[in-house]
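Note: hydrogens, waters and symmetry copies are ignored here, and every other heavy atom, side chains too, is used. We count ligands from 1, going down the list as the structure has it; atoms in each ligand are counted the same way.
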Amino acid sequence: MALRTIEEIVARRRMCEIMEVQTEIIHTLTECFKENGFRWMLPVMLSFVTDPLWPEPSSTQITAPEVEIYGKKMKLMHSMILHKQIAVSMGLDRIFILSPNIRVERPERDDGHHAYEFTQLDFEIAHAKMGDVMHLVEEAVCRTASKVRKTVWDRFEREIPVFQRPFKVYTMEEVMKDYGSDRELSKVSTQPFWITDISREFYDKEDETRPGHCLNYDLVMPEGYGEVLSGGEREHEYEKIMTKLQRSNLSPSSFWPYLEIARKGLLKPSAGAGIGIERLVRYFTGRQHIEDVQVFPRVPGVPAVV
Ligand code: AMP
Ligand code: MG
């Protein structure tokens, strides 16, 4: 049941401990990225282009709200994926951002995993392959687990297992055939795992040697906590991007000036991902609902109290 009054929100007693864990998580992740040569960019929250979130199969089609700025309509960011590719084209070869995202999820997406305002640790690496990203993420997640293990035991009596690297890898086809969904596999798992080859947005790269297959990945946490990261190698060639936009029935006019940069041949090959901070905090603290880790809850279908 979503918190509906200001009294319910301020009466919550575990917020200090949850923010203590969140602080350790963000500190460990950002330290790990910094040590691996990344530059920390600040987010943009408004733009003419953002992530279409379509045709990602697990995402219901949602439209970015717009705000009029100096007579022009700008979108609130769904994610910084396209800006990351543009930043990489400027020579920022290893970047990360703590990026606030607004996604007006439908009320039926109130499943404990979705909020309509959340933060991603979003990163991108020029010329990287999916194996490079998976290796880096495993390092970051295992370091985070080591860092918070004692605190979450002391504060919540929650036991986090020692993660075994490399994490197990499934294809989406295998997961669907054997478990029906990633969430079901998460429920019966005790270790984090990867799912690869997921059919979704145009910017994730199609495998040239295996048409119809994608060089992308999700990281899924065990015990039913589900997906905490999505990413992929990226399309950077104009013709391929245009073909995939048309295939997804997306209007190229919604992607200017990103497409203009692609047309000039300035996008570079890259790979990256976005880690949902609230979802990671929810896993480590063992909370049931994402609103339990948001100081100001943003539950789909429920107007915010504050
Ligand atoms: P995506 O690329 O759309 O999968 O988003 C990247 C990551 O952001 C996901 O793996 C989640 O951890 C997180 N995320 C996406 N949508 C939401 C949401 N509605 N609420 C909370 N976290 C989200
Ligand atoms: Mg995803």
Query raised in the report: Under the criterion side-chain hydrogen bond (donor to acceptor under 3.5 Å, both in side chains), which of E239, E201, E235 is the partner of K244?
Result: E235

Query raised in the report: Can an N, O or S atom be found in D218 less than 2.8 Å away from the Mg ion (ligand 2)?
Result: no

Requested in this report: Apply ring-ring contact (aromatic ring centres under 6.0 Å, His included) to F255 and list each qualifying residue two or more places apart in sequence or on a separate chain.
Outcome: F202

Query raised in the report: In this structure, which one of Q22, E278, R14, M15 forms a side-chain contact (heavy atoms from CB on, under 4.5 Å) with V293?
Result: E278

Report task. Report yes or no: do T151 and E24 form a side-chain donor-acceptor pair below 3.5 Å? Result -> yes

Requested in this report: Return the set of residues passing side chain to side chain donor-acceptor pair (under 3.5 Å) with E233 (not counting sequence neighbours), or none when no residue passes.
Outcome: none

Report task. Output every pair passing salt bridge (charged side-chain N to carboxylate O under 4.0 Å, His left out) with a member in residues 294-306, not counting sequence neighbours, ordered by first then second residue. Result -> E117-R298

Query raised in the report: Any idea how Y170 and F193 line up, ring-wise: parallel (<30°), tilted (30 to 60°), or perpendicular (>60°)?
Result: perpendicular

Report task. Can you tell me which residues line ligand 1 if we count any heavy atom under 4.0 angstrom from one of its atoms, in chain and number order? Result -> R103, E105, H113, H114, A115, F118, Q120, E227, V228, L229, S230, G274, G276, R279, I290

Query raised in the report: In E227, the N, O or S atom nearest to the Mg ion (ligand 2) is which?
Result: OE2

